[in-house]
Structure formats: structure tokens, C-alpha cells
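Worksheet: one structure, shown below.
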Amino acid sequence: MLDLKQIRDNAAVVQELLNRRSTDTYQIQPLLELDRQQRELESTRTHLQARSNKIGKLIGEKIRGGSDPKGAEIAALKEEGNEIKAQLGASQPQIEQLKTEIEELLLAFPNLPDESTPIGANETENVEIRRWGDEYLPQNPNILPHHDIAKQLGIIDFERAVKVAQSRFVCLTGAGAALERALITFMLSRHIAAGYVEVMPPILVNSTALTGTGQLPKFAEESFKCDKDDLWLTPTAEVPVTNLYREEILQASQLPIYHCAYTPCFRREAGSYGKDTKGIIRLHQFNKVELVKFVHPETSEGEHQTLVQDAEAILQALKLPYRVIQLCTGDLGFSAAKCYDLEVWLPSAGKYREISSCSNFKDFQGRRGKIRFKEAKKKGTQFVHTLNGSGLAIGRTMAAILENYQQPDGTVKVPEVLQPLLGREML
RNA sequence: GGAGAGGUGGCCGAGUGGUUGAAGGCGCAGCACUGGAAAUGCUGUUUGGCGGCAACGUCAACGAGGGUUCGAAUCCCUCCCUCUCCGCCA
């Protein structure tokens with residue numbers, strides 16, 4: 001959520017930053033007008049309330065001082081109290097209406113892009129920052145797509161999973177399931193060693209939590225909902241982990257907080273019909289290890305860089321070629337101010353595919369979820385900066401391994417670092 | 001699912017409808033005492049909105065939302081959550 005005060009005081013700057021995402025889509029003027037009306041009414045209300053409070057206090061004092069509770073003096077005060085109450089009651093619906101409208105508008109605004117986020121209209125204008133692992137690019141010219149090799153090896157059952165659920169679900173079998181599990185364990189172990197505290201959060205989350213991280217209200221179509229319970233299947237561990245600290249006031253000394261979490265993730269993939277229909281690149285249910293940081297605003301840029309490095313470290317350990325791109329303003333996620341994607345090399349497609357997205361949300365989620373911190377000896381509280389990144393998407397990592405480690409004879413080598421966990425060298 | 005109990009400040013815990021934003025305690029911070037510390041004493045210690053350079057003023061908040069009243073933490077209604085016991089169950 002954006003800071004209403006900031007919008008009010010720096011309207012032109014805010015509007016310009018919003019325009020960087022998309023011209024003409026986000027207009028703050030209507031919001032400013034509602035805000036002006038609301039503040040005017042609120043000011044009147046405050047004054048009436050102050051008088052009403054005084055009357056109440058006065059009546060108490062007079063009665064205790066010996067005035068007749070049924071006398072004319074008290075009756076006059078009561079009468080004035082009643083008049084004020086009538087006035088307050090008359091203006092209340094309007095104030096509430098305005099507040100609701102302002103809140104709804106505010107929740108629908110995306111985060112302001114960071115100054116360092118390159119300006120661009122869409123993903124074609126994202127900027128490549130660096131590449132890693134050219135020396136590990138596979139030399140085999142006849143690499144099968146991951147789903148074909150997986151079928152051949154008998155480690156993924158596509159048909160039966162569809163029978164059990166529907167399309168875009170898979171069932172891992174034998175070494176496939178073991179590899180998935182090994183990847184989860186491997187990634188978590190690395191992140192724990194790097195200082196992240198593992199959590200295993202609920203994977204059903206309520207509407208307030210989804211609003212806190214920014215999936216609601218705009219992206220309700222993207223998540224599965226358990227209608228009877230106001231619970232949703234989490235689309236990413238970002239939601240439950242970030243919301244662990246919702247409505248809390250932390251001590252500055254507690255920061256930074258680093259968490260890593262493995263969870264299944266569930267997405268409807270609405271609007272992506274026909275995209276990536278084969279294989280395990282785009283599923284309704286997939287596994288992911290997520291990194292989440294809660295940090296002091298002053299350190300968030302540095303924390304973002306190290307977060308990206310922590311995600312990269314997994315790809316490097318697995319010796320999978322990848323590149324880092326920085327998203328331009330037109331491709332930036334709703335809640336993010338700045339974002340780097342890690343893209344892993346997929347030989348069968350002949351291109352890099354997203355395997356991790358590392359975002360700095362700055363105070364956007366902190367404000368939505370009321371995650372604050374207090375500095376000793378300083379008045380007031382500040383919103384924490386939150387950051388998160390995949391570390392990594394497990395299914396896509398598996399796909400990358402099945403292709404990059406594929407041998408000419410149709411076998412797949414197990415990455416060295418996974419061999420001890422899996423207890424085998426080849427799939 | 002059945003039965004019961006309860007939700008008050010960072011924590012524990014009072015609270016008879018009228019200077020209660022809230023006693024008392026713990027914790028924390030500052031000051032005093034000390035060579036230094038402990039102990040002790042004094043002072044301070046919620047959050048948000050609005051106004052103000054600031055001191056401060058004012059409004060709101062005792063799970064949430066309504067209601068009664070001149071006035072509600074306190075009375076009434078609805079909802080949510082937590083805990084205990086029983087049942088079922090990984």
C-alpha cells in the first residue's frame with residue numbers, strides 16, 4: 001500500500017512514478033479528491049466529538065457536586081448532547097463511505113518503482129545484468145525436452161495425475177519423487193547455513209494475509225479458494241511467511257529477520273491457457289523453497305543484493321547455467337519496487353526460463369500488513385522493508401537438471417551435490 | 001461435532017456506567033546513590049489520525065462490528081478468535 005500522506009504531499013512525483021509502470025492506468029486525482037472531502041468532514045466531526053466529551057464530563061462533575069440529576073441545568077446539557085449526537089449520526093455514513101472508498105482505491109495501487117528500476121513497457125525491455133555458467137552449457141545437440149526424458153525414465157506420470165486431479169497436475173514417481181525431495185532438502189540446508197531460519201507455515205491462508213502481501217484484492221482470480229472458510233491455497237510461501245509478523249511491532253534490534261520455507265504453491269494460471277501445456281514448467285501445484293527477509297529500510301538495497309546471491313548460490317552449486325535480469329517498470333510485479341529474475345538455461349527450448357524472482361517490496365507490504373518496528377529512544381514506529389525470492393522453484397529446477405544433465409544415451413546424470421542425498425549418480 | 005471458560009497496554013493482572021488511555025506488578029529507559037555493580041529510590045514508558053518547527057493540543061482504540069446512554073473497558077445483540085474437557089482423526 002502506498003502512503004496516503006506521501007501521495008498528498010508529493011502528488012506529481014507519485015503520479016510520475018505510477019506512469020512509469022503504465023501510462024494512464026493509475027490516476028491519483030480521484031483519490032486526492034476523496035481524501036480532501038474525508039478530511040474536511042473528519043475535522044468537523046472531531047470538533048463536535050470534543051464538545052460532546054466535555055458535556056459528558058461536565059454532567060458527571062455536576063452530579064457529583066450536588067446538582068439535581070433531574071434539574072433544568074442537567075437537562076439542558078443532555079439536550080445539547082443529544083443534538084450533537086444527531087449531527088454526528090447524520091455525517092457518519094458519509095465519512096464511512098469515503099473511508100471505504102479511499103481504502104479500496106489505495107489497495108488497488110501498485111507499489112512505486114524504485115528509482116533504479118529501468119523504465120520499460122513490457123518484458124522485452126527487461127535488462128540482463130549478468131550471465132553465469134557458460135562453461136556448463138550442454139554440448140549434446142539432441143537434448144529431449146524434460147517431459148519426454150522424464151516419461152522415458154518413468155519418473156513423472158502425467159496421465160494418472162490428470163485422472164486424480166486435472167490438467168496441469170503431475171505425479172512424480174520413484175527417482176522423480178526422490179529427486180524433488182532431495183532438491184528441497186538441499187536448498188533448505190544451504191539457506192539455513194547462510195543464516196535463514198526455516199519455517200513450515202500453514203499453506204491455507206486467509207484473505208487478510210493475501211491482502212497484506214498484495215495478492216488481494218486485485219488478483220483473486222489467481223488463487224484457489226476454499227469458499228466455506230475464507231481460506232485460500234497459498235500461491236507462494238511469501239504469503240504465510242511474510243504474514244507471520246503481521247500487525248506486530250518489532251524491536252529494531254530484532255532486524256534483520258531471515259526465513260526460508262518450503263511449501264507447495266497453488267496457482268490457477270488463469271489466462272495462460274495454451275502456454276507451457278507440456279511438462280512441469282507451469283502447474284497448478286508446484287513446490288518451492290522461498291527466502292523472506294524483514295529488514296531496516298536503510299539496509300534493504302544491500303539485503304536485496306545478498307538475497308539474489310543466496311538464490312544464485314543454489315544454481316551455482318547445481319552448475320546450472322543462468323542469467324540475472326532486472327525487470328523493467330512495465331514488467332514489475334504489483335507489490336515490488338525492484339525485482340531481479342533468475343533465469344535458468346533450458347536447452348530444449350533454446351532459451352532461459354524464470355526459476356526465481358527476487359523482489360524488494362520496501363515498505364509496501366509492511367504498510368499493508370502493519371508490520372512495523374521501533375527504534376530504541378526514537379518516537380513512533382516505522383514500517384519494515386520486506387524482501388523475498390524463490391530459492392528456488394523446485395519443479396523448474398528439476399526440468400533444468402533433466403535437460404542440462406542429459407546424456408547422449410538418454411540417461412541423466414545427478415548433479416554432484418545431490419548425489420549423496422539421492423544415493424545415486426544417474427537417473 | 002458436543003460441553004464449558006475466556007479475550008484489557010511489551011508481559012502478568014485489576015477494573016462499582018461518570019477526570020480510566022486505563023490501578024498494581026514485572027519488564028524496559030533515564031536520573032540519583034556507588035570506585036564500579038547489585039540492591040534501593042525517583043521519573044518516564046501504547047498505537048494511530050488531525051493541527052503545530054516544537055513543547056503540546058485534540059480525536060480514536062480495552063478481540064471486531066452494531067445497540068442502549070448526555071456519558072460504555074464496564075449493560076445488551078451479532079460475529080471472530082483462543083483455551084480446557086469429551087468425541088472423531090493424521
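What you are looking at is a predicted structure, and each value in this text was computed from that prediction instead of being measured. Chain letters run A, B, ... following the sequence lines, proteins first and then strands; every chain starts at 1.
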For residues 418-427 of chain A, please give each side-chain donor-acceptor pair under 3.5 Å, one per line with the distance, not counting sequence neighbours.
unit_1   : atom_1 : unit_2   : atom_2 : d
A:Gln419 : NE2    : A:Val414 : O      : 2.8
A:Arg424 : NE     : A:Met426 : O      : 3.0

Inset, instruction - Determine the Euclidean distance between corresponding C1' atoms of B:G66 and B:G30; express it in Å to zero decimal places. - result: 45 Å
Legend entry - salt_bridge(A:Arg36, A:Glu40) N-O dist < 4.0 Å: yes
Inset, instruction - Write down the distance between CD (A:Glu247) and C1' (B:A61), rounded to a whole number of angstrom. - result: 14 Å
Inset, instruction - Treat primed atoms plus P, OP1 and OP2 as sugar-phosphate and everything else as base, then score nucleotides 71-83 of chain B 5' to 3': B for base contact with protein heavy atoms under 4.0 Å, S for sugar-phosphate contact only, - for none. - result: S------------
Legend entry - B:C53 versus B:C42 - spacing of their P atoms, nearest Å: 39 Å
Inset, instruction - Decide whether A:Gln309 and A:Gln305 meet the rule of one side-chain donor and one side-chain acceptor closer than 3.5 Å. - result: no
Inset, instruction - Give one of base, sugar-phosphate or nothing for A:Ile59, where a contact means two heavy atoms less than 4.0 Å apart. - result: base
Legend entry - Sidechain N-carboxylate O distance under 4.0 Å for A:Arg45, A:Glu42: yes
Inset, instruction - Scan side-chain atoms only and decide if A:Gln215 and A:Glu222 contain a donor-acceptor pair under the 3.5 Å cut-off. - result: no
Inset, instruction - Rounded to whole angstrom, note down the C1' distance from B:C59 over to B:G6. - result: 31 Å
Legend entry - Aromatic ring pairing A:His191/A:Tyr196, orientation class (parallel under 30°, perpendicular over 60°, tilted between): perpendicular
Legend entry - Phosphate-side-chain proximity, A:Asn53 and B:U19, N/O vs OP1/OP2 below 4.0 Å: no
Residues 254-263 of chain A side chain polar contacts: donor-acceptor under 3.5 Å, at least two apart:
unit_1   : atom_1 : unit_2   : atom_2 : d
A:Gln254 : OE1    : A:Gln251 : N      : 2.7
A:Tyr258 : OH     : A:Glu303 : OE1    : 2.7
A:Tyr258 : OH     : A:Glu303 : OE2    : 3.1
A:His259 : ND1    : A:Val197 : O      : 3.0
A:His259 : NE2    : A:Tyr245 : OH     : 2.8
A:Tyr262 : OH     : A:Asn287 : OD1    : 2.9

Legend entry - Value in whole Å for how far the C1' atom of B:G67 lies from CG of A:Leu88: 16 Å
Inset, instruction - Could you check how far CG of A:Leu77 sits from P of B:U69, rounded to whole Å? - result: 17 Å
Legend entry - Nearest-Å distance for atom pair CE/P, residues A:Met200 and B:A90: 21 Å
Legend entry - Between P of B:C59 and CD1 of A:Ile55, the distance in whole Å: 13 Å
Legend entry - Rounded P spacing from B:C12 to B:G7 in Å: 12 Å
Inset, instruction - Send over the distance from A:Ile74 CD1 to B:U69 P, rounded to a whole Å. - result: 18 Å
Legend entry - Rounded distance in Å between the P positions of B:A73 and B:G21: 8 Å
Inset, instruction - Would you please confirm or rule out a distance under 4.0 Å between OP1 or OP2 of B:A60 and any side-chain N or O of A:Gln49? - result: yes
Inset, instruction - Determine the interatomic distance between C1' on B:C86 and the same-named atom on B:G18; round to the nearest Å. - result: 46 Å
Inset, instruction - If the plane angle is over 60° it's perpendicular, under 30° parallel, otherwise tilted; pick one for A:Phe334 and A:Phe219. - result: perpendicular
Inset, instruction - Please name all residues satisfying side-chain hydrogen bond (donor to acceptor under 3.5 Å, both in side chains) with A:Ser357, sequence neighbours left out, ordered by chain then number. - result: A:Asp341
Inset, instruction - Mind checking A:Ile63 for me? I need base, sugar-phosphate or nothing, with any heavy atom below 4.0 Å counting as a touch. - result: base
Inset, instruction - Could you tell me how the ring of A:Phe109 sits relative to the ring of A:Tyr26: parallel (under 30°), tilted (30 to 60°) or perpendicular (over 60°)? - result: tilted
Inset, instruction - Mind calculating the distance between NZ (A:Lys54) and P (B:G57) to the nearest angstrom? - result: 12 Å
Legend entry - Donor on one side chain, acceptor on other, A:Gln152 and A:Asp148, under 3.5 Å: no
Legend entry - Whole-Å distance separating the NZ atom of A:Lys78 from the C1' atom of B:U68: 13 Å
Legend entry - Annotated protein contacts, base or backbone, on nucleotides 45-56 of chain B with a non-hydrogen cut-off under 4.0 Å, one of B, S, - each: --SS-SS---S-
Inset, instruction - Using Watson-Crick or G-U wobble pairs with both distances under 3.5 Å, give me RNA chain B in dot-bracket, 5' to 3', with [ ] for crossers and | for pairs to another strand. - result: ((((((((.[[[..)..(.....]]]((((((.......))))))((((((....)))))).[[[[[..)....]]]]])))))))....
Legend entry - C1' atoms of B:G13 and B:A23, separation to the nearest Å: 10 Å
Legend entry - Inter-nucleotide C1' distance (B:G10, B:C62), Å rounded: 16 Å
Legend entry - Donor + acceptor pair across side chains of A:Glu238, A:Thr213 (<3.5 Å): no
Legend entry - Any donor-acceptor N or O pair under 3.5 Å, side chains A:Asn360, A:Ser300: yes
